[in-house]
Amino acid sequence: SEKAKEEITALHHSISWIDMGYNAGFARANNAAIKMAKGRNLLLLNTDTIIRENAIGKALQLFEAEQNYSACGVQLLNTDNSFQISGAQTVKGGINTLLSLPYWGDWVRFLGKIFGTKPPSIEKVEYKTDVDWIVGAFILTKKSVVERAGLLDEDFFMYSEEIEWCSRLKKQGKLCLFGQRAGKFRFQNTETFIRNPFIKAYLGAVLIGAMYRIPDLPDHPLSTTQP
C-alpha cells in the first residue's frame, strides 16, 4: 500500500521500492529487484524472517571467504527455535518424485528409516554442509554468478522455483548451508499448513515439475521471459 511504502522508505532512505502493480509471484518479483541491484552480492530473504545476532553480516563474511561457492543458505529456525529444513540433496532416480506426495512420501520415508538411508533434507547444520539446493527463504549469491546462471524461472509462480534456480547456480560453483556460527534465523513455522493433504498434493506436483525440468536447462544471460 502507499501508506506502507511511505513509512518504510521514510525509515530506510536507501530502500528502492518496486511497485509490481499486481501479485507477480516470487520469481518475477525477485527478478525485478535483481535487475535493479547494484551491489556485488545478492540476498533473497523472506519477509517473515526475524534476524538475530547480525546473522546477515556473519553469513556474508563466511560466504565471501569461500571462493569456490556460488551461493549459500543458513540454518533456519521455527518460531519455537526448533530446527527447520534449510536445504537438501537431490535424490537420484524416479523415487524422488514420490517424496513430496501425500501418503506415498510418508511410506517412502518410513522404508528409508528401516533400511537406514540418509534423509535428503538438511534440517540441522553444525557448521557448514554442502547441498544441491537451498530453501528460498534465504539465498545469498553474487551478481556475477546470476549474470552467468540466469534469473529465476518466472514460469514458477510460487514454490520449487529455488530448486530449479539452484541447479543452475550450482553449475557456477558449489552450494552450502552455514550453521549456527552464521547467526540465528527465526522463520515462520509452516508445518501445520503443509500437513494438509491437498496442500501436500499441490506442492508435490509443483516439485515434480521442477525436478523434471532440471536436466534440460539452457545457458542464458541475465534475462527472463516477459509477462
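Side chains are part of it too, since the values below use all heavy atoms of this structure and drop only hydrogens, waters and symmetry mates.
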Rounded to the nearest 0.5 Å, how far apart are [atom1] of [X] and [atom2] of [Y]?
X      : Y      : atom1 : atom2 : result
Ile134 : Phe138 : CD1   : CZ    : 9.0 Å
Leu152 : Leu44  : CG    : CG    : 6.0 Å
Phe26  : Asn31  : CZ    : CG    : 9.5 Å
Asp153 : Trp165 : CG    : CH2   : 12.0 Å
Leu177 : Tyr127 : CG    : OH    : 13.0 Å
Thr141 : Asn41  : OG1   : CG    : 8.0 Å

Can you confirm whether [X] sits close enough to [Y] that some side-chain heavy atom of one is under 4.5 Å from a side-chain heavy atom of the other?
X      : Y      : value
Trp133 : Glu162 : yes
Lys58  : Val74  : no
Leu60  : Leu140 : yes
Val145 : Ser70  : yes
Phe157 : Asn23  : yes
Leu45  : Ile51  : yes
Arg28  : Tyr22  : yes
Gln84  : Leu77  : no

* Apply the test side-chain contact (heavy atoms from CB on, under 4.5 Å) to residues Leu175 and Asp132: give CA-CA distance (whole Å), side-chain angles for both, the deciding distance (0.1 Å), then the verdict. => CA-CA 6 Å; Leu175 310 179; Asp132 290 326; 5.9 Å; no

* Check side-chain hydrogen bond (donor to acceptor under 3.5 Å, both in side chains) between Lys174 and all other residues, then give those that pass, not counting sequence neighbours. => none

* **With sequence neighbours excluded, residues passing side-chain hydrogen bond (donor to acceptor under 3.5 Å, both in side chains) with Glu123** => none

* Under a 4.0 Å N-O cut-off, is there an ion pair linking Lys128 with Glu66? -> yes

* To do: Determine, for Lys124 against Glu126, whether the closest basic-nitrogen to carboxylate-oxygen distance falls under 4.0 angstrom.
  => yes

Whether [X] side chain and [Y] backbone form a donor-acceptor pair below 3.5 Å:
X      : Y      : result
Asn46  : Asp48  : no
Asp19  : Gly21  : yes
Arg168 : Leu151 : yes
Lys171 : Ala149 : no
Ser82  : Asn78  : no

* State, to 0.1 Å, how close Tyr69 and Cys176 come at their nearest heavy-atom pair, and which atoms those are. => CE2-CB, 3.4 Å

* Among Ile, Leu, Val, Met, Phe, Trp and Tyr joined by side-chain contacts under 4.5 Å, find the other residues sharing a cluster with Ile8 and list them by chain and number. => Ile15, Trp17

* Asked: With distance as the sole criterion, is a donor-acceptor pair present between the side chains of Gln89 and Asp130 under 3.5 Å?
  -> no

* Crowded around Glu64 CD? As in, over 12 foreign heavy atoms under 6.0 Å? -> yes

* **same_hphob_cluster(Leu42, Met36) at 4.5 Å side-chain heavy-atom cutoff** => no

* Asked: Phe63 ring centre to Lys142 NZ or CZ under 6.0 Å, with the angle to the axis within 45°?
  -> yes

